[in-house]
Amino acid sequence: MKTTWEIAALGLAAALPVVALAQSGSDEVPRLDGHPDLSGTWDNGSGIDFVRADTQGESICIGRCPGSAPAAPPAAPANAGAPAARPPGPDRPRYRAEFQARVAELDANQVQEDPVLRCNPPGVPRMGPPDKIVQRAEQVIFLYDDVSGNFFRIIPTDGRGHRDDVEPGNLGDAVGHWEGDTLVVETVNFNAETWLTDDGSFHTDKLRVVERLSRDADTLTWQATAYDPDVLTEPWQMRPRTARLTDVDIVEAAPCIERSIGHMVDKSSHDNPR
């Protein structure tokens, strides 16, 4: 059974006009209204195995229990060749001196403090590049299959500004525009309830995130920069990440299960791979 947002995305895709190809040969890129068409399902190599529960006897561990074998890497999609590579770490924002202890405290207490482990959205840019994109003339839709469920972002590209009639949220308010063949997405109006990364890198409600997406044949390149001068010493420009077009579509996420803190034995956690 398809979820509501999957059905909506399929309906939008069906309504799209026929797109043209930019050029012939292996580097051809479909175009929509003169812009590269970013539509498709994209294997970005992020994976979410690091928060799936591992068991050892009667213990349940977030990540891997001590002594457990590493999880097997996900199988490569049918038409994408080698799977997209997980980005090397660490890639972390730099905090002003007075906030570094707070980041370390959140990191040490991740299994208690991480909003994702309480079934909340990961936030932006923590979610990384979208798993699926549906593009039409005046808006782009990003779909995600992440740690705590399925999420979506509807991004207008018709020149309108940010909304002033919505409350701050985990995913903020996004608008997009094209700079040549690059889609630029600016997001503001965040609450302060998500992290920038998996290791306690918090942010304030003044966070602004700019994402840049471009397509070359069947490869999508995504890069994000986070601006939060109230706590960061400088804008945090993340390493570019690449994703590969795949015919393995995303599916409805399993229900998110919040773990019982009352039965926690220690504070060990996963190795923060993203």
Name every donor-acceptor pair, under 3.5 Å, that has one atom in a side chain of residues 168-178 and the other anywhere in the protein, sequence neighbours excluded.
residue, atom, partner, partner atom, Å
D173, OD2, H162, ND1, 3.0
D173, OD2, R163, N, 3.1
H177, NE2, E179, OE2, 3.0

Side chains of L183 and L38, heavy atoms from C-beta outward: is any pair under 4.5 Å? yes
Write out all pairs satisfying disulfide bond (SG atoms under 2.5 Å apart) with one or both partners inside residues 111-174, taking only residues at least two apart or from two chains. C119-C256
R241 side chain reached by L220 side chain, heavy atoms, under 4.5 Å: no
Do the non-hydrogen side-chain atoms of W42 and P129 ever get within less than 4.5 Å of each other? no
Within this structure, what is the NZ-CG distance for the pair K206 and L232, rounded to the nearest 0.5 Å? 13.5 Å
What pairs with P125 under side chain to side chain contact (heavy atoms under 4.5 Å, CB included), at least two apart in sequence or on another chain? L196, V209, W222, A224, W236, M238
Whether the N109 and E113 side chains hold a donor-acceptor pair (N or O, under 3.5 Å, no angle test) is what I'd like checked. no
Would you compute the distance between atom CG of N44 and atom CE of M127 and round it to the nearest 0.5 angstrom? 11.0 Å
Closer than 3.5 angstrom, by distance alone: can the side chain of Q223 be matched with the main-chain N or O of E211 as a donor-acceptor pair? no
Distance-only donor-acceptor check, side chains R153 and T187, under 3.5 Å: yes
Provide the full list of ring pair (Phe, Tyr, Trp, His ring centres under 6.0 Å) pairs with a residue in residues 92-123, sequence neighbours left out, each pair given once. Y95-F202
Pairs where residues 142-250 contributes a residue and the test disulfide bond (SG atoms under 2.5 Å apart) is met, not counting sequence neighbours: none
Just grab all the disulfide bond (SG atoms under 2.5 Å apart) pairs involving residues 123-218, residues at least two apart or on different chains. none
Qualifying residues under ring-ring contact (aromatic ring centres under 6.0 Å, His included), relative to Y227, sequence neighbours excluded: none
Step through the shown structure and confirm whether more than 12 heavy atoms of other residues, nucleotides or ligands are within 6.0 Å of CZ on R96. yes
Residue pair D205 / N191, side-chain heavy-atom distance below 4.5 Å: no
Are F190 and L106 connected in the hydrophobic side-chain network, where two residues link if heavy atoms are under 4.5 Å apart? yes
Not counting sequence neighbours, which residues clear side-chain hydrogen bond (donor to acceptor under 3.5 Å, both in side chains) with S148? List them please. none
Run D43 and T246 through side-chain hydrogen bond (donor to acceptor under 3.5 Å, both in side chains) and show every step you take. CA-CA 6 Å; D43 169 29; T246 175; over 6 Å; no
Check whether any side-chain heavy atom of R126 lies under 4.5 Å from a side-chain heavy atom of T197, and answer yes or no. no
Considering residues at least two apart in sequence or located in another chain, which fulfil the side-chain hydrogen bond (donor to acceptor under 3.5 Å, both in side chains) criterion with T233? none
Selection residues 113-140 - residue pairs positive for ring pair (Phe, Tyr, Trp, His ring centres under 6.0 Å), sequence neighbours left out: none
L245 versus R215: any side-chain heavy-atom pair under 4.5 Å? yes
Going by disulfide bond (SG atoms under 2.5 Å apart), name the pairs with one or both residues in residues 144-254, residues two or more places apart or in two chains. none
Looking at E98, I'd like to know if its CD atom is crowded, meaning that more than 12 non-hydrogen atoms belonging to other residues, nucleotides or ligands lie closer than 6.0 Å. yes
Side chains of D199 and S201 only: does a donor on one sit below 3.5 Å from an acceptor on the other? yes
Under the salt bridge (charged side-chain N to carboxylate O under 4.0 Å, His left out) test, residues paired with D164 that sit two or more places apart: none
By the definition side chain to side chain contact (heavy atoms under 4.5 Å, CB included), identify the one residue from D131, I133, I250, D249 that meets it with L143. I250
